[in-house]
Amino acid sequence: MSDTTKSLRPLVSRPACWESEHEAIITFFTDDGDVWGFPFFGLLAAQYTHRDQTLALQWQGSQVRIQGPRARDFFRAFAKGSATGIKANGADILSVQLIQPPASSPAHSPQAH
C-alpha cells in the first residue's frame, strides 16, 4: 500500500460531519412544570410570528409554543443547533407550552343483542 493511500484512509472512512452516535435532543421546561424532549432532527416545521413574539415548533403530534421578547433569539440558536433547552423566566421568555391534539375516544362498536 502506498503512503498516499495510507494518508487518505482516515479522510475517506470518517462519518459525515452531521452524523453522530446520539441524536440531538432539545429540552423544553413547560409552564406547568413538565419537561419534554424532542429529537432535533424530527422537527417538521417552525414559525416565528413577530407581532406575538411567538415561536411555534412542530413535531409529529405535538407543538411547542415559546413566547417572549427573546423567542426569536432562541429560534436562531436552535436553528444553528446550539440551543439545548429552554424555560420561561418571566422576562425574556414569558411562556413555554406543549400543545397536543385532544385524545380521540375509542370508536364504540355496535353490540349485537
Side-chain angles (χ1 to χ4, degrees):
M1 193 183 292
S2 73
D3 288 335
T4 305
T5 305
K6 286 180 184 177
S7 66
L8 292 177
R9 176 164 277 143
L11 298 174
V12 175
S13 63
R14 289 190 309 188
C17 63
W18 58 86
E19 293 178 6
S20 72
E21 290 183 29
H22 304 287
E23 190 166 12
I25 300 292
I26 184 81
T27 307
F28 299 96
F29 298 84
T30 60
D31 299 345
D32 59 7
D34 293 340
V35 181
W36 289 83
F38 292 95
F40 179 83
F41 293 106
L43 182 70
L44 299 174
Q47 177 190 17
Y48 175 76
T49 306
H50 178 72
R51 68 183 172 279
D52 300 9
Q53 295 181 325
T54 300
L55 172 62
L57 301 171
Q58 184 71 45
W59 277 270
Q60 183 72 33
S62 298
Q63 184 181 87
V64 176
R65 287 192 192 160
I66 301 163
Q67 188 173 26
R70 301 285 308 268
R72 185 175 179 193
D73 294 337
F74 170 78
F75 182 43
R76 287 180 175 162
F78 174 79
K80 291 178 184 177
S82 61
T84 59
I86 191 164
K87 180 179 183 178
N89 63 8
D92 299 322
I93 300 298
L94 304 175
S95 177
V96 177
Q97 298 177 327
L98 180 84
I99 299 162
Q100 294 180 299
S104 59
S105 59
H108 296 287
S109 59
Q111 296 179 358
H113 292 280

Hey, what do you get for CZ (Phe38) to CD1 (Ile26), rounding to the nearest 0.5 Å?
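Those atoms lie 11.0 Å apart.
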Value rounded to 0.5 Å, distance of CD1 in Ile66 from CG in Leu94:
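Rounded to the nearest 0.5 Å, the CD1-CG separation comes to 12.0 Å.
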State whether the side chain of [X] and the backbone N or O of [Y] hold a donor-acceptor pair below 3.5 Å, judged by distance alone.
X	Y	answer
Thr54	Gln67	no
Asp92	Arg70	no
Gln58	Ser62	yes

Quick one: closest heavy-atom pair of [X] and [Y], and the distance?
X	Y	answer
Gly61	Pro101	O-CD, 3.1 Å
Phe40	Ala79	CZ-O, 4.3 Å
Ala46	Phe75	CB-CE1, 3.6 Å

Side chains of Gln63 and Arg65: do they bring a donor and an acceptor to under 3.5 Å?
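Short answer, yes.
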Using side-chain heavy atoms (C-beta onward) and a distance below 4.5 Å, is Asp34 in contact with Leu98?
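A side-chain contact is absent here, since even the closest heavy-atom pair is not under 4.5 Å.
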So that I know where these two stand, are Phe28 and Trp36 an aromatic pair - ring centroids less than 6.0 Å apart?
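Ring centres of Trp36 and Phe28 not closer than 6.0 Å.
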If the test is side chain to side chain contact (heavy atoms under 4.5 Å, CB included), which one of Leu43, Ile86, Leu55 qualifies with Phe78?
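It is Leu43, the one option of Leu43, Ile86, Leu55 that forms the side chain to side chain contact (heavy atoms under 4.5 Å, CB included) with Phe78.
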Do you know which of Thr30, Asp31, Val64, Asp32 makes side chain to side chain contact (heavy atoms under 4.5 Å, CB included) with Gln97?
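Passing option: Asp31.
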In chain order, what residues pass the salt bridge (Lys or Arg N to Asp or Glu O under 4.0 Å) check against Asp52, with sequence neighbours excluded?
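Applying salt bridge (Lys or Arg N to Asp or Glu O under 4.0 Å) to Asp52 gives none.
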Other cluster members, Val35 - Ile/Leu/Val/Met/Phe/Trp/Tyr, side-chain contacts below 4.5 Å
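Members besides Val35, by chain and number: Phe29.
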Can you establish whether the number of heavy atoms outside Gln60 located under 6.0 Å from its atom CD is more than 12?
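Result for CD/Gln60: open.
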same_hphob_cluster(Phe41, Trp59) at 4.5 Å side-chain heavy-atom cutoff
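Yes, same cluster.
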